[in-house]
Amino acid sequence: MGGGGNMSTQTSKNNPLKRMPTSKPPFTIGDIKKAIPPHCFQRLLIRSFYYTARDLLAVFVYYYIASTYFHLLPSPYRYLAWVTYWIAQSLVFGGLWIICHECGHHAFSDYQWVDDTVGFILHSAFLVPYFSWKYSHRRHHSNTNSLERDEVHVPRIKSELPFLKKCMNNPVGRTVLPIMFLPLGLPLYLACNFTGRHYDRFACHYDPYGPIYNKRERLWIYVSDVGVIATAYVLYRVALAQGLAWLVCIYGMPLVFLNCFLTLLTYLNHTHPSVPYYDSSEWDWLRGALCTVDRDTGILNKFFHNGPNTHVVHHLFSTMPHYHTEEATEAIKPVLGEYYQSDNTPFYRAFWRESGECVYVEQDEGSHDNGVFWFKNKL
């Protein structure tokens with residue numbers, strides 16, 4: 001399997017649009033785990049805090065430079081400096097967001113209370129309800145690429161395609177709609193389950209009694225809401241003291257750019273012409289977890305702690321810390337073979353391609369795989 005797996009993986013890289021197999025894999029999750037060096041599963045508290053402290057230091061350094069020196073620049077250069085700051089700060093925010101994400105997966109340390117404390121503080125600082133997101137995201141990992149039960153980036157079948165999605169099937173829609181979709185994707189998902197699983201009633205990550213959560217989780221949804229409200233109050237007091245424009249420049253715009261990057265990267269990791277979706281007659285956990293795509297996003301890989309380019313192994317072993325995922329990814333490629341999907345297309349070109357080609361999912365005409373759905377775009 002080893003040699004053949006390498007050959008298949010290389011072929012997949014040469015033709016990233018080649019469809020992955022939909023048959024049950026000839027390996028188990030145990031086989032994959034055996035191929036990974038044991039130390040890759042070790043969560044090191046000091047090392048995790050090192051990355052957290054490093055990112056926080058960068059945040060404060062960027063803040064200090066912007067608040068101390070930008071007003072000294074002449075106006076044309078001042079505007080350019082602020083835009084540079086917004087992008088650079090959002091990328092550092094992205095690293096911290098990945099650390100929050102790891103806390104929700106219990107990948108930060110061996111201590112659940114440490115993970116939840118760090119995750120709650122940092123996620124609240126980004127106006128994200130930590131436990132609310134943790135629970136829904138856990139269900140996403142448990143039901144990846146299931147048409148009925150996946151929690152996020154769930155495609156629609158052709159007959160259920162909303163009007164807004166149909167508008168993207170032309171050059172104007174593919175240009176204009178991403179301007180709205182990228183900064184608003186995450187806030188809308190949290191507020192009204194945008195692009196999320198279909199529920200019989202309104203679903204919201206801030207609602208303890210919403211259909212996303214069960215009775216045992218309600219208390220922690222309240223706690224999450226308190227964290228977001230506390231952050232909002234602090235921001236309100238800062239706006240009163242420093243001015244709204246100052247707050248928007250220092251915090252608001254980096255947060256907007258962060259939402260753009262998060263929406264873009266998660267969309268690309270879960271949307272690709274080569275991966276199928278399954279209905280309940282065909283879906284199983286391993287095949288679903290393999291239906292993710294590693295994306296080489298260049299320097300963004302480093303800022304986002306290799307989240308974009310090691311997403312497959314993350315879905316297979318979500319408690320693995322980010323500082324081991326590159327090594328683990330290389331270890332599993334020979335085992336996965338053609339079941340491993342990666343795409344090195346530049347992220348801006350990939351987003352343009354996927355937004356035009358991955359409009360809805362449908363079964364192949366005449367196919368005997370009745371429970372397998374592929375992305376299509378012909379309306």
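Comment: R197 does not engage E148 in a salt bridge, judged by the lack of any side-chain N to carboxylate O separation of less than 4.0 angstrom. Ion pairing between E217 and R138 holds under the 4.0 Å rule for side-chain N and carboxylate O. Under a 4.0 Å N-O distance rule, the pair D279/R149 does not qualify as a salt bridge. Salt-bridge annotation for D294 and K333: absent, with no side-chain N of the basic residue lying under 4.0 Å from a carboxylate O of the acidic one. A salt bridge does not link K158 to E365: none of the charged nitrogens lies less than 4.0 Å from a carboxylate oxygen. With salt bridges taken as basic N to acidic carboxylate O contacts below 4.0 Å, none links R349 and D343.
Between the side chain of T68 and the backbone N or O of I65, no donor-acceptor pair lies under 3.5 Å. At distances below 3.5 Å, at least one donor-acceptor pair connects side-chain atoms of R43 with backbone N or O atoms of H106. Proximity of a side-chain donor or acceptor of H272 to a complementary backbone N or O of S274 within less than 3.5 Å is detected. R295 contributes a side-chain N or O that, together with a main-chain N or O of L268, makes up a donor-acceptor pair within less than 3.5 Å. Under the 3.5 Å distance criterion, the side-chain polar atoms of W374 are left unmatched by any main-chain donor or acceptor of V275. A donor-acceptor pair under 3.5 Å is absent between the side-chain atoms of T292 and the main chain of H270, judged by distance alone. Formation of a donor-acceptor pair under 3.5 Å by the Y360 side chain with backbone atoms of S159 is not found in this model. A donor-acceptor pair is defined here as one N or O able to donate and one able to accept, closer than 3.5 Å; such a pair exists between the side chain of T325 and the backbone of H322.
Taken to the nearest 0.5 Å, the CG atom of D31 stands 6.0 Å off from the NZ atom of K34. Separation of atoms CD (E362) and NZ (K378) is listed at 11.0 Å; rounding is to 0.5 Å. The distance from the CG atom of L122 to the CZ atom of F108 is 8.0 Å, given to the nearest 0.5 Å. Taken to the nearest 0.5 Å, the CG atom of N259 stands 9.5 Å off from the OG atom of S90. Here the CG atom belonging to D110 is positioned 9.0 Å from the CD atom belonging to Q42, to the nearest 0.5 angstrom. Atom OG1 in T310 sits 10.5 Å away from atom CD in E330 (nearest 0.5 Å).
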**Study point:** Evaluation steps, side-chain hydrogen bond (donor to acceptor under 3.5 Å, both in side chains), between H314 and H101
**Key:** CA-CA 11 Å; H314 167 66; H101 164 258; 3.1 Å; yes

Practice item. For the pair N301 and T297, evaluate side-chain hydrogen bond (donor to acceptor under 3.5 Å, both in side chains) and give the outcome as yes or no after the intermediate values. Key: CA-CA 6 Å; N301 293 341; T297 58; 2.6 Å; yes

Practice item. Tell me, with the steps shown, if I212 and R139 meet side-chain contact (heavy atoms from CB on, under 4.5 Å). Key: CA-CA 9 Å; I212 301 175; R139 294 188 179 99; 4.3 Å; yes

Check your understanding: Under the side-chain hydrogen bond (donor to acceptor under 3.5 Å, both in side chains) criterion, do Y323 and S48 qualify, and how do the steps go?
Key -> CA-CA 9 Å; Y323 40 83; S48 294; 3.1 Å; yes

Review point. Taking it one step at a time, do N193 and F202 satisfy side-chain contact (heavy atoms from CB on, under 4.5 Å)?
Key: CA-CA 8 Å; N193 204 37; F202 180 71; over 6 Å; no

Point to revise | Full working for side-chain hydrogen bond (donor to acceptor under 3.5 Å, both in side chains) between H141 and E151 | key: CA-CA 9 Å; H141 273 255; E151 282 287 342; over 6 Å; no

**Study point:** Steps toward side-chain contact (heavy atoms from CB on, under 4.5 Å) verdict (L290, M20)
**Key:** CA-CA 9 Å; L290 291 170; M20 70 178 295; 4.1 Å; yes

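Surrounding OH of Y199 are more than 12 heavy atoms belonging to other residues, nucleotides or ligands, all under 6.0 Å away. Counting heavy-atom neighbours within 6.0 Å of I299 CD1, excluding the residue itself, gives a total of 12 or less. Atom OH of Y63 has 12 or fewer neighbouring heavy atoms from other residues, nucleotides or ligands inside a 6.0 Å radius. In the displayed structure, K33 atom NZ is contacted under 6.0 Å by at most 12 heavy atoms of other residues, nucleotides or ligands. Within a 6.0 Å sphere centred on CD1 of I46, heavy atoms belonging to other residues, nucleotides or ligands number 12 at most. Within a 6.0 Å sphere centred on OH of Y64, other residues, nucleotides and ligands contribute 12 heavy atoms or fewer.
Under 3.5 Å, the side chains of H305 and E102 contain no donor-acceptor pair of N or O atoms.
Ring pair W82/Y85: centre-to-centre distance below 6.0 Å. Proximity of the aromatic rings of H137 and H205 is defined here by a centroid distance below 6.0 angstrom, and this criterion is not met. Separation of the F317 and F41 ring centroids falls under the 6.0 Å cut-off. Ring centroids of F303 and F261 are separated by 6.0 Å or more, keeping the two rings apart. Residues W283 and Y278 place their aromatic rings such that the two centres sit no closer than 6.0 Å.
Checking F93, F131, W97 one by one against H123, the ring-ring contact (aromatic ring centres under 6.0 Å, His included) holds for a single residue, W97.
Criterion: ILVMFWY side-chain heavy atoms under 4.5 Å apart, direct or through other members. Under it, F126 and Y206 are part of a common hydrophobic cluster.
A cation-pi arrangement is not found for K134 relative to F120, the charged atom failing to lie both closer than 6.0 Å to the ring centre and inside a 45° cone about the ring normal.
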